[in-house]
*Asks:* 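Dumping the structure here so I can ask a few things about it.
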Amino acid sequence: MRNGVKRIPGGVHPDPRKRTENLETVVMPLPAEVVLPMQQHIGAPCEPTVKKGDRVCVGQVVGAPTDRLAVPIHASVSGTVKAVGPRLYAGGRHITSVQIEADGEQTLDPALAPVSTRDPAGMIASVRDSGIVGLGGAGFPTWYKLTPPPGSTFDTLVVNGAECEPYITSDYREMVEEPIRIIRGIKLVQQMTGIRRVLIGIEDNKAHAIDRLIHASERDSEIDVLSLRTRYPQGGERQLIYAVCGRIVPAGQLPSAVGVLVLSVNTISAIAEWFETGMPLTSRRVTCDGGVVAEPQNVRVPVGTRLGDVFDFCGGFTSHPAKVIMGGPMMGVSQFSLDNTVLKQTNALLALAPDEINQDAESVCIRCGRCVTACPMRLMPSTMNRLILDGKSEEAAAVWHLNDCIECGCCSYICPAARNLVQSFRYGKAEVRLAERRAAQAAAAAGEEK
Amino acid sequence: MLPVCLTAFASPLLIMAGLGVASGVLLTVAAHIFHIDVDPKVTEVREALPGANCGVCGFAGCDAYAEAVAGGRADVDRCIPGGVGAANALAQIMGVDAGDAGPAMVARVRCQGDVGLAREKYIYTGIDDCFAAVQIFDGHKACAAGCLGHGTCVEACPFGAISIVNQIAVIDEEACKACGRCIKACPKQLIVMVERRQRVMVLCNSDDRGNVVRANCDTGCIGCTRCVRACEHGAISMQGALAVIDYDKCVNCKACVEVCPTHAIRDFDAPPVNREKAAAKAGAAKAKAGA
């Protein structure tokens, strides 16, 4: 073991509250039904391939990808398709969803078989069929990441075991429970991409995970486990790359620009499982925690399970939750209904008590500069916020690098005036995108007139 | 030798007076040297325009449009807020024919699901702006098409014609000059420009099915087609689950207003929808469904 090479700039240190870290993962009994929204990735929604009344098996494709950034969606239970149609999903919009009533048999799709190909291109293509997306939260299709864009090559694989958000322990449990599978997954990724050097970055408050992975990778000289000083948002791609190899990803570019591929431990495990068993991504580990959850724990649930079912399995609520969040408390998305369902990228479900959230009303900026100190991207949140609220989003983007904001929430977390900083940045980015789109349309129209 | 008190008062007065005379001379000379001839027509045209600087004519503001008209580079009927009056005045100044100014228009908001009638999806406490609210789950209204009522259109209106009543945008027909700025501002594309003579309108933009609309809002179009059957002139048709009035056929008989069970069709000659009525009707329907 060695230490990380750099300390990330800025950042905050929220109370970790990892109460579930010593609890063995529990497999949740099958829910009565699952709802699979056709959008569980960046990219266009999938096209449903089943219709009402069809019988489906576990692992069967129910949504076929329609563009390059999409991956297929598989049935997570066996049973009968109850409905196919638009439904509100955890992303807040109406998306075509496939509702499956479980028959409890969990019949496997007979077509499932371990992946036999060991040719790199074939392996990457097969990762696409597995439906694997980045399981850390963003949902970026993994197969797409595995191919370096033209003109760049990978020389380092960074395995993300930082898990810097409070409450969440789903990556930690994977490292403690399945270290060997992670190492097997790393080998597969090395085979696909030809990368030799592997750096596993784990924050130093997860000593047990560091031990387990060092032990599992002891005979492998190419794999290095790095202990990183605990700091949020160290699990951010750019921050992690800086912490483990000291490279800075240029603004507006992807990690491939500096030759690095970043995958989270759960994603790597899912790749190993797919190659060894042929089982696509149909279930995942979710940390179910928060002040009002009776029995916080890590649960393995089929993708598409109702949030309410997961909370019920964890003993239900001891009192009415002030906020239910999908993902971590810093970057997660608040949920408006317990009928929303677990997505592939859902790593945690939190039901927070009133004293766990900040309910202060927004007040005026007192120019204390704490947001500037906290920003890991070295931006000026206070200035950008003022400009965006004045309707000058384009200036915020052009002069103050608004589009480099990673929306980690450090500024909003630290702000003593409880200003809605991150929201204003998302709003500003959307305005800039809209302005760009309008300008492009105007240019296209002008081109046509000529 | 003058008394001290006189000198104390006189010298600053003299200095100020001297400075005044000197700058007066300087400015007069400068005004003559740097004089630019302004086409009197520009001033005249500018005075005939309403001066809202709304930009709907396609120029940067009233001054730019006035210059363009006086220079013969723009038609006289481009000022929509000024309407027929401004077009005629401009035509007279320029000595041209005003042409056909087109029908008088007005902007209307296609939603009346206010805070008591439409359900919320979640509690929104963020930035008070519709465009910001839309970034989060498409807005906090349960209905994906509904007006969010943060008043982005109010800020856009140069005539103060829009106000937020019960968290919904309401346009004052008298004050609206049909410049169309609010249409661009609304992130839900709820505001449309229609001819002023159209007195009835379907004030709902949700194409959800009836049961979904009912669950979300007490005054949405539920696609029951009663208005289609009630219209003797065949002016109403269904676009999916939303009633649409064809104004080429509509004669403003208002038969549809009478039959609409959710008051989604509004008569613009009457006061706005009777909220108590809509709520009571929705309550009765719920009680019926419950029984």
Side-chain angles (χ1 to χ4, degrees), chain A residues 37 39 83 85-95 320-326 332-340 354 357-363 384-386 388-391 393 407 412 418-435 437-438 441-442, chain B residues 55 58 60 118-146 148 150-158 180-189 205-217 220 223 240-242:
Chain A
Q39 175 128 46
R87 250 176 99 111
L88 263 182
Y89 88 120
R93 279 150 216 245
H94 283 87
I95 284 284
H320 190 72
K323 209 175 214 181
V324 172
I325 300 179
M326 183 181 269
V333 181
S334 300
Q335 293 299 305
F336 46 86
S337 162
L338 291 177
D339 288 331
N340 290 346
I357 62 170
N358 185 356
Q359 288 173 316
D360 294 347
E362 186 176 20
S363 65
M384 298 196 301
N385 178 253
R386 183 170 48 79
I388 290 164
L389 295 183
D390 284 353
S393 299
E407 299 172 16
S412 297
R419 294 194 62 74
N420 296 316
L421 294 165
V422 176
Q423 196 207 351
S424 71
F425 303 150
R426 298 183 121 182
Y427 162 49
K429 286 181 189 176
E431 268 199 333
V432 171
R433 275 199 302 273
L434 186 71
R437 208 165 53 232
R438 281 193 178 153
Q441 275 169 1
Chain B
R119 254 67 72 194
E120 298 273 298
K121 190 154 64 183
Y122 60 91
I123 305 163
Y124 179 77
T125 55
I127 300 169
D128 197 14
D129 178 280
C130 299
F131 194 74
V134 150
Q135 305 306 320
I136 301 173
F137 298 148
D138 261 3
H140 49 84
K141 274 262 167 80
C143 170
L148 299 172
H150 293 290
T152 302
C153 49
V154 175
E155 278 164 39
C157 180
R181 276 204 170 187
C182 50
I183 297 178
K184 280 189 201 142
C186 179
K188 292 279 189 186
Q189 283 89 43
N205 192 34
S206 167
D207 55 3
D208 286 333
R209 293 228 308 270
N211 55 344
V212 180
V213 173
R214 246 191 217 291
N216 292 340
C217 180
L242 185 63

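The sequence lines fix the lettering, A, B, ..., with proteins before strands; numbering per chain opens at 1. Here the structure is a predicted model, which means the values were calculated and not measured.
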*Asks:* Using only distance, no hydrogens or angles, which N or O donor-acceptor pairs sit under 3.5 Å between chain B and chain A?
*Replies:*
{"residue": "B:Lys121", "atom": "NZ", "partner": "A:Gly92", "partner atom": "O", "Å": "3.1"}
{"residue": "B:Tyr124", "atom": "OH", "partner": "A:Gln423", "partner atom": "NE2", "Å": "2.7"}
{"residue": "B:Ile127", "atom": "N", "partner": "A:Gln423", "partner atom": "OE1", "Å": "2.9"}
{"residue": "B:Asp129", "atom": "OD1", "partner": "A:Tyr427", "partner atom": "OH", "Å": "3.4"}
{"residue": "B:Asp129", "atom": "OD2", "partner": "A:Tyr427", "partner atom": "OH", "Å": "3.4"}
{"residue": "B:Asp138", "atom": "OD1", "partner": "A:Arg93", "partner atom": "NH1", "Å": "3.4"}
{"residue": "B:Asp138", "atom": "OD1", "partner": "A:Arg93", "partner atom": "NH2", "Å": "3.4"}

*Asks:* If you define the side chain from C-beta out and look only at heavy atoms, does anything of B:Phe137 sit under 4.5 Å from A:Leu88?
*Replies:* no
*Asks:* Taking A:Ala361, A:Pro86, A:Ala430, A:Gly428 one by one, which has the highest count of heavy-atom pairs under 4.5 Å against chain B?
*Replies:* A:Ala430
*Asks:* With a 4.5 angstrom heavy-atom cut-off, is it the side chain or the backbone of B:Ile136 that approaches chain A, or both, or neither?
*Replies:* side chain
*Asks:* Examine whether an atom of B:Val134 lies under 4.5 Å from a heavy atom of chain A, and if so say whether it belongs to the side chain, the backbone or both; otherwise answer neither.
*Replies:* backbone
